[in-house]
Participant: 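This is the structure, below, for whatever I ask next.
Chain letters run A, B, ... following the sequence lines, proteins first and then strands; every chain starts at 1.
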There are 2 protein chains.
Amino acid sequence: METLSVACEACPVRNKAICAALSGPELSGLRQIRRHQFIPAGQTLVWEGDDAFVVASVTAGVLKLTKSLGDGKEQIVGLAFPADFVGRPFHDKTMSTVTALTDTEVCVFRREDFDNFAREHPELEHKLLERTLAELERAREWMTRLGRKTASEKVSSFVLDISERLSAETCHGSTVLDRFELPFGRQQVADILGLTIETVSRQMTSLKRQGLIGLSGRRTIQILNREGLAKAAES
Amino acid sequence: METLSVACEACPVRNKAICAALSGPELSGLRQIRRHQFIPAGQTLVWEGDDAFVVASVTAGVLKLTKSLGDGKEQIVGLAFPADFVGRPFHDKTMSTVTALTDTEVCVFRREDFDNFAREHPELEHKLLERTLAELERAREWMTRLGRKTASEKVSSFVLDISERLSAETCHGSTVLDRFELPFGRQQVADILGLTIETVSRQMTSLKRQGLIGLSGRRTIQILNREGLAKAAES
DNA sequence: CGCAACATTGAGACATATCAAGGAGAGTGG
DNA sequence: CCACTCTCCTTGATATGTCTCAATGTTGCG
């Protein structure tokens with residue numbers, strides 16, 4: 001892994017990540033304990049069950065948080081986009097694996113350093129709390145999808161959800177992208193939705209045939225009828 | 001709803017809930033904005049989608065957090081035991097319904113009061129952060145169960161999980177209860193696991209026939225072979 | 001005791017998984 | 001620029017687990 005040197009002031013997520021809580025002198029305190037790091041697509045930052053040595057704030061790219069079951073099966077339990085925070089502060093075990101889906105840049109902290117710093121900076125902890133509460137809400141929404149939706153509803157709501165998250169990233173006002181590239185392949189969509197790759201593929205094709213979405217290349221999706229898709233996403 | 005008057009010092013969760021962060025004068029500040037309240041089984045504290053007027057800390061009983069889908073179906077996305085915190089501070093919408101499963105007692109706060117108080121008491125926010133991080137972890141574990149486990153694995157892991165949470169409550173050292181009463185009926189177990197009531201029933205019967213658990217009455221479960229049950233819970 | 005709510009059991013339908021084959025993209029080397 | 005190849009995606013046929021519908025059994029309360 002390669003350490004990059006980027007000034008916090010020039011950071012693309014300066015105003016959105018938890019460090020937005022800090023200014024001037026405090027920020028440079030934080031900078032002293034961080035390491036800006038590049039993670040190539042496919043590489044894993046932390047492993048499920050390991051001692052949690054690090055936490056990190058994402059500045060570019062997308063990561064997945066996964067839990068693996070006895071056999072080869074895995075469930076993706078979270079996604080981390082720029083400005084999101086990964087890892088569990090104040091706790092010594094990591095309970096999910098964090099892996100880069102695309103080439104990624106993160107601000108990494110030794111967990112212990114971060115914990116100490118955070119305890120002395122309530123504003124930072126407050127930002128982190130808000131972010132964690134939002135993430136919890138998202139996880140619960142996701143649980144509903146996993147527990148009570150059909151394959152077709154899962155895929156529809158997934159497409160809508162992702163379009164919103166990717167739009168938030170590019171952040172041109174409140175525009176929602178209607179055409180975007182998925183940062184992952186079919187297997188990973190399946191692991192997000194608790195389905196098999198074949199079922200995801202079939203449902204994608206079905207949505208395409210209904211004229212709700214367009215597919216080009218392997219990963220590009222176009223939403224042709226957002227309203228109709230929203231209807232298909234409801235139970 | 002009936003307002004009770006219980007001194008914080010005598011509170012059964014005094015040392016476990018987020019208010020454990022406070023002592024003496026700060027605690028009495030918190031006491032001034034709280035209302036101790038009794039909620040009978042079946043009654044709902046807050047509704048999904050409503051403006052979030054209140055947050056609360058549970059002192060006795062069990063509550064469920066649910067999300068409902070278009071039709072009658074619902075998914076339980078969380079359980080709140082004594083010392084747990086419900087509601088979303090610093091945010092104006094409630095995204096899940098909170099309902100008492102058993103007779104319940106909670107410390108209720110107007111959200112605005114709580115927010116203001118919390119911002120002035122970093123120790124309290126810190127406790128809340130730790131609790132929220134733990135809850136997020138639990139939600140993710142639950143997602144894995146919903147997405148990638150079979151009905152039989154779901155029920156087995158559920159029984160183990162509940163036995164641990166109920167034991168934590170009675171808190172006699174590190175004893176784990178082998179015989180306990182579920183605070184909910186079959187339909188609610190189904191809503192937790194993303195199954196139908198019939199499937200839950202069949203799996204319970206099956207575990208019973210395998211000699212892993214014993215069932216008596218409608219809600220009492222006895223774990224006869226914890227190790228075997230753990231094996232059945234893995235994928 | 002008798003009732004109402006809840007739980008269990010069975011038979012059949014249906015959705016998704018599994019197994020298996022074929023097709024399209026993207027990168028590589030000629 | 002085209003053939004080659006590897007990986008990923010799509011499609012089809014069948015198997016299977018869970019849901020649905022329906023009936024029966026049980027619990028606990030008035």
Participant: Which nucleotide wins on minimum distance to the side chain of Thr205(B), given the candidates dT9(C), dT7(D), dT18(D)?
Facilitator: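 Between dT9(C), dT7(D), dT18(D), the one nearest the side chain of Thr205(B) would be dT9(C).
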Participant: dC8(D) C1' sits how many Å from Met204(A) CE, rounded?
Facilitator: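 Atom CE in Met204(A) sits about 13 Å away from atom C1' in dC8(D).
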Participant: How close or far is atom P of dA15(C) from atom CG of Leu146(A), stated in whole angstroms?
Facilitator: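 After rounding, the reported distance stands at 20 Å.
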Participant: Salt bridge or not between Asp92(A) and Arg111(A)? Use side-chain N to carboxylate O under 4.0 Å.
Facilitator: no
Participant: Looking at the base of dG12(D), is there any donor atom on it, or on the side chain of Arg202(A), that sits under 3.5 Å from an acceptor on the other one?
Facilitator: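 Under the 3.5 Å cut-off, the side chain and the base do form a donor-acceptor pair.
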Participant: Report the distance from atom NZ of Lys154(B) to atom C1' of dC19(D), rounded to the nearest whole Å.
Facilitator: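 Checked: the NZ to C1' distance equals 12 Å.
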Participant: Measure CD/Gln203(B) against C1'/dA7(C) and give the value in whole Å, please.
Facilitator: 15 Å
Participant: Students often get this wrong, so: under 4.0 angstrom with heavy atoms, is Thr196(A) touching a base, only sugar-phosphate, or nothing?
Facilitator: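 Base, at least one base heavy atom under 4.0 Å.
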Participant: Does Lys208(B) NZ have over 12 foreign heavy atoms under 6.0 Å away?
Facilitator: no
Participant: Select base, sugar-phosphate, or nothing to describe what Ser201(A) touches, counting heavy atoms under 4.0 Å on all strands.
Facilitator: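 It contacts base atoms.
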Participant: Taking atom C1' of dC9(D) as reference, at what distance in whole Å does atom CZ of Phe184(A) sit?
Facilitator: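 Atom-to-atom, Phe184(A) to dC9(D), this comes out as 16 Å.
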Participant: Tell me what Arg186(B) touches on the nucleic acid: a base, only sugar-phosphate, or nothing, going by heavy atoms under 4.0 Å.
Facilitator: sugar-phosphate
Participant: Quickly work out the Ile197(A) CD1 to dT16(C) P distance and round it to whole Å.
Facilitator: 17 Å
Participant: Rounded to the nearest Å, what distance is computed from the CD1 atom of residue Ile213(A) to the C1' atom of nucleotide dC9(D)?
Facilitator: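 Spelled out: CD1 on Ile213(A) to C1' on dC9(D) is 14 Å.
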Participant: Quick check: does any side chain N or O of Ser163(A) sit under 3.5 Å from a backbone N or O of Asp178(A), one acting as donor and the other as acceptor?
Facilitator: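 Checked: no pair found.
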Participant: Does Asp84(A) pair with Arg138(A) as a salt bridge, N-O distance under 4.0 Å?
Facilitator: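 No, this pair does not count.
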Participant: By nearest nucleotide on DNA chain D, pick out whichever of Arg148(A) and Thr199(A) is the more 5' one.
Facilitator: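 That would be Thr199(A).
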Participant: Separation of Arg218(B) atom CZ from dT8(C) atom P, in whole Å?
Facilitator: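 Computing the Arg218(B):CZ to dT8(C):P distance gives 9 Å.
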Participant: Out of Gln188(B), Lys67(B), Lys64(B), which one pairs with Glu74(B) under the side chain to side chain donor-acceptor pair (under 3.5 Å) rule?
Facilitator: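 Filter result, single survivor: Lys64(B).
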Participant: May I ask you to verify whether the side chain of Gln187(A) and the base of dC9(D) hold a donor-acceptor pair under 3.5 Å?
Facilitator: no
